[in-house]
**Q** 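Supplied in structure tokens, the structure appears directly below.
Chain A is the first sequence line, chain B the second, and so forth, proteins listed ahead of strands; every chain is numbered from 1.
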2 protein chains.
Amino acid sequence: MEKGAVEDLTELLKGTLEGCVLEIIGREETYGYAITRRLNELGFADVVEGTVYTILLRLERNGLVQVTKRPSEQGPPRKFYALNDAGRAELATFWAKWTYVKTRIDKLKEGGR
Amino acid sequence: MEKGAVEDLTELLKGTLEGCVLEIIGREETYGYAITRRLNELGFADVVEGTVYTILLRLERNGLVQVTKRPSEQGPPRKFYALNDAGRAELATFWAKWTYVKTRIDKLKEGGR
DNA sequence: TCCGGTACTCAGTGACACCGAGTACCACTA
DNA sequence: TAGTGGTACTCGGTGTCACTGAGTACCGGA
């Protein structure tokens with residue numbers, strides 16, 4: 001990431017990171033470590049395992065995902081996550097909210113009257 | 001927007017609301033009550049005075065604004081806020097972060113490989 | 001005189017990303 | 001065989017933010 005302007009996105013990621021994780025899981029069943037790597041690839045360079053696991057635990061606690069434990073070829077067993085119906089509904093809600101907020105903010109940015 | 005989907009934007013507004021307030025103040029010197037009305041007009045319907053005042057107090061505490069108290073024609077005196085240099089820098093940083101996050105999220109949304 | 005609109009303050013709450021230390025499994029190698 | 005590094009997850013604690021709610025206060029009109 002180009003250093004300087006875009007360090008510490010913490011506050012801006014509140015709410016959105018969970019949505020991103022939901023979206024990633026929605027694409028295909030996957031696990032925490034891989035999700036972290038995926039987020040890093042996408043440009044969320046500073047997101048670390050600990051952060052993703054807290055989100056995953058919360059999704060599980062809130063009944064939005066179906067969890068399956070499977071052995072890994074290398075390392076400890078993996079917990080695979082897939083969206084259930086509640087999770088898909090939550091994901092749809094997230095995108096609706098995101099679009100809503102994004103359009104308002106951009107309107108304000110473009111001199112919004 | 002259809003009601004229902006976009007209620008409780010609280011988490012998504014973390015960080016962005018402060019940026020919006022900064023932007024509004026940057027346009028012209030104004031005061032808390034008016035800023036709240038402006039945000040409501042812009043589509044942030046659920047934002048109330050209390051929320052805006054906490055942001056304003058924080059901006060003041062962090063030395064990002066210059067504050068001038070002036071009597072009002074109707075009601076108690078108003079505290080007018082204007083950006084100082086630090087505030088303008090913070091605003092620029094906010095937009096840089098916002099653009100950065102927005103492009104990453106949208107890329108993910110559009111199937112982002 | 002009371003109500004409603006204007007205008008600000010402040011202590012407290014809950015949610016979230018983040019941190020750090022810990023556990024543990026595996027493959028490779030010196 | 002001990003050590004290192006990559007993989008993989010857990011959990012207690014922290015700080016920041018939007019939000020809540022109760023309070024103070026000024027003003028005009030019914």
Side-chain angles (χ1 to χ4, degrees), chain A residues 7-22 30-40 44-62 64-65 67-81 90 94 97-98 101 104-105, chain B residues 7-22 30-40 44-62 64-65 67-81 90 94 97-98 101 104-105:
Chain A
E7 290 169 347
D8 193 20
L9 303 170
T10 303
E11 292 308 323
L12 242 33
L13 292 181
K14 295 275 174 79
T16 62
L17 240 201
E18 180 177 316
C20 290
V21 170
L22 239 20
T30 181
Y31 57 98
Y33 193 80
I35 294 169
T36 309
R37 293 291 84 81
R38 183 88 191 87
L39 286 168
N40 294 152
F44 302 105
D46 296 337
V47 173
V48 295
E49 281 81 12
T51 300
V52 174
Y53 290 122
T54 29
I55 292 173
L56 257 10
L57 256 8
R58 189 168 63 238
L59 295 180
E60 190 177 354
R61 198 172 59 239
N62 294 346
L64 302 174
V65 288
V67 187
T68 316
K69 203 166 214 168
R70 299 217 188 85
S72 163
E73 316 83 50
Q74 45 175 352
R78 295 165 173 166
K79 282 177 75 179
F80 281 82
Y81 293 82
E90 182 66 26
F94 165 69
K97 287 183 183 180
W98 167 252
V101 169
R104 312 290 139 160
I105 308 254
Chain B
E7 289 167 348
D8 194 19
L9 302 171
T10 302
E11 292 308 322
L12 242 34
L13 292 182
K14 293 277 172 78
T16 62
L17 239 202
E18 180 177 316
C20 291
V21 170
L22 238 20
T30 182
Y31 57 99
Y33 193 80
I35 293 169
T36 309
R37 293 292 84 82
R38 184 86 192 88
L39 286 168
N40 295 152
F44 302 105
D46 296 337
V47 173
V48 294
E49 282 80 12
T51 300
V52 174
Y53 290 122
T54 35
I55 292 173
L56 256 11
L57 257 9
R58 188 167 64 237
L59 295 181
E60 191 176 354
R61 199 171 58 239
N62 294 346
L64 302 175
V65 288
V67 188
T68 316
K69 202 165 213 168
R70 299 216 188 86
S72 164
E73 315 84 51
Q74 46 176 350
R78 296 165 174 168
K79 280 176 75 179
F80 280 82
Y81 294 82
E90 182 65 26
F94 165 70
K97 288 183 182 179
W98 166 252
V101 169
R104 312 290 139 161
I105 307 254

**Q** How would you label the contact of B:G50 with the nucleic acid (heavy atoms, under 4.0 Å): base, sugar-phosphate, or nothing?
**A**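 The residue B:G50 makes base contact.
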**Q** Assess whether side chain to side chain contact (heavy atoms under 4.5 Å, CB included) is satisfied between B:V47 and B:N40, documenting all intermediate values.
**A** CA-CA 7 Å; B:V47 173; B:N40 295 152; 4.2 Å; yes
**Q** Starting at atom NZ of B:K14, determine the distance to atom P of D:dC17, rounded to an integer number of angstrom.
**A**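 These atoms are roughly 10 Å apart.
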**Q** Rounded to the Å, how far apart are B:D8 CG and D:dC19 C1'?
**A**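 The distance from CG of B:D8 to C1' of D:dC19 comes to 9 Å, rounded to the nearest Å.
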**Q** Indicate the atoms forming the closest heavy-atom contact of A:Y33 with A:Y53, along with that distance.
**A**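 Closest heavy-atom pair between A:Y33 and A:Y53: N-OH, 3.4 Å.
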**Q** Mind checking A:I55 for me? I need base, sugar-phosphate or nothing, with any heavy atom below 4.0 Å counting as a touch.
**A**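 Sugar-phosphate, backbone atoms only, no base.
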**Q** For B:L59 and C:dC8, what is the distance between atoms CG and C1' respectively, to the nearest whole Å?
**A**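 Computing the B:L59:CG to C:dC8:C1' distance gives 15 Å.
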**Q** Starting from the C-alpha separation in whole Å, work towards a yes-or-no answer on side chain to side chain contact (heavy atoms under 4.5 Å, CB included) for A:R104 and B:L13.
**A** CA-CA 11 Å; A:R104 312 290 139 160; B:L13 292 182; over 6 Å; no
**Q** For C:dC8, take OP1 and OP2 only and decide whether either is under 4.0 Å from a side-chain N or O of B:K69.
**A**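 For C:dC8, neither OP1 nor OP2 has a side-chain N or O of B:K69 closer than 4.0 Å.
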**Q** Quick one: does any side-chain atom of B:K97 pair with a main-chain N or O of A:D8 as donor and acceptor, under 3.5 Å?
**A**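 Yes, the answer is positive, given that a donor and an acceptor are paired below the 3.5 Å cut-off.
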**Q** Other residues, nucleotides and ligands only: do more than 12 of their heavy atoms fall within 6.0 Å of CG on B:D46?
**A**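 For B:D46, atom CG is not crowded (no more than 12 foreign heavy atoms under 6.0 Å).
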**Q** Expressed in angstrom and rounded to an integer, what is the separation of B:Y31 atom OH from D:dC26 atom C1'?
**A**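 Whole-Å distance recorded here is 14 Å.
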**Q** Does the side chain of B:S72 get closer than 4.0 angstrom to OP1 or OP2 of C:dA7 through an N or O atom?
**A**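 Yes, within the criterion.
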**Q** Using atom NZ of A:K97 as one end and atom P of D:dA18 as the other, report the distance to the nearest whole Å.
**A**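 Interatomic distance, NZ of A:K97 to P of D:dA18: 16 Å.
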**Q** Can you work out whether B:L57 or B:Y33 has the more 5'-proximal nearest nucleotide on DNA chain C?
**A**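 Mapping each residue to its closest nucleotide by heavy atoms, the 5'-most match is B:Y33.
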**Q** By nearest heavy atom, map A:E11 and A:E60 onto DNA chain D; which one lands nearer the 5' end?
**A**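 Closest to the 5' end, via its nearest nucleotide, is A:E60.
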**Q** Any side-chain N or O of B:R78 less than 4.0 Å from the OP1 or OP2 oxygen of D:dC26?
**A**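 Checking B:R78 against D:dC26: no side-chain N or O falls below 4.0 Å of OP1 or OP2.
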**Q** Calculate the interatomic distance between B:E49 atom CD and C:dC10 atom C1'; express it in whole Å.
**A**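 For the pair B:E49 CD and C:dC10 C1', the rounded distance is 15 Å.
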**Q** Ignoring backbone atoms, establish whether A:Y53 has a side-chain N or O less than 4.0 Å from OP1 or OP2 of D:dC9.
**A**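 For D:dC9, OP1 or OP2 has a side-chain N or O of A:Y53 closer than 4.0 Å.
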**Q** For B:N40 and C:dT6, what is the distance between atoms CG and C1' respectively, to the nearest whole Å?
**A**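 Distance, rounded to whole Å: 14 Å.
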**Q** Rounded to whole angstroms, how far apart are CD on B:Q74 and P on C:dA7?
**A**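 Atom CD in B:Q74 sits about 6 Å away from atom P in C:dA7.
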**Q** Which listed nucleotide (D:dC19, C:dA17, C:dA7) is nearest to the side chain of B:L17?
**A**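 The answer is D:dC19.
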**Q** Which residue lies toward the 5' end of DNA chain C, A:G15 or A:V48, if each is placed at its nearest nucleotide?
**A**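 Of the two residues, A:G15 wins.
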**Q** Establish, with yes or no, whether the OP1 or OP2 oxygen of D:dC19 is under 4.0 angstrom from a side-chain nitrogen or oxygen of B:T10.
**A**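 Yes, B:T10 has a side-chain N/O under 4.0 Å of OP1/OP2 on D:dC19.
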**Q** Does A:T51 put a side-chain nitrogen or oxygen below 4.0 Å from OP1 or OP2 of C:dC18?
**A**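 Answer yes for this pair, as a side-chain N or O of A:T51 is under 4.0 Å from OP1 or OP2.
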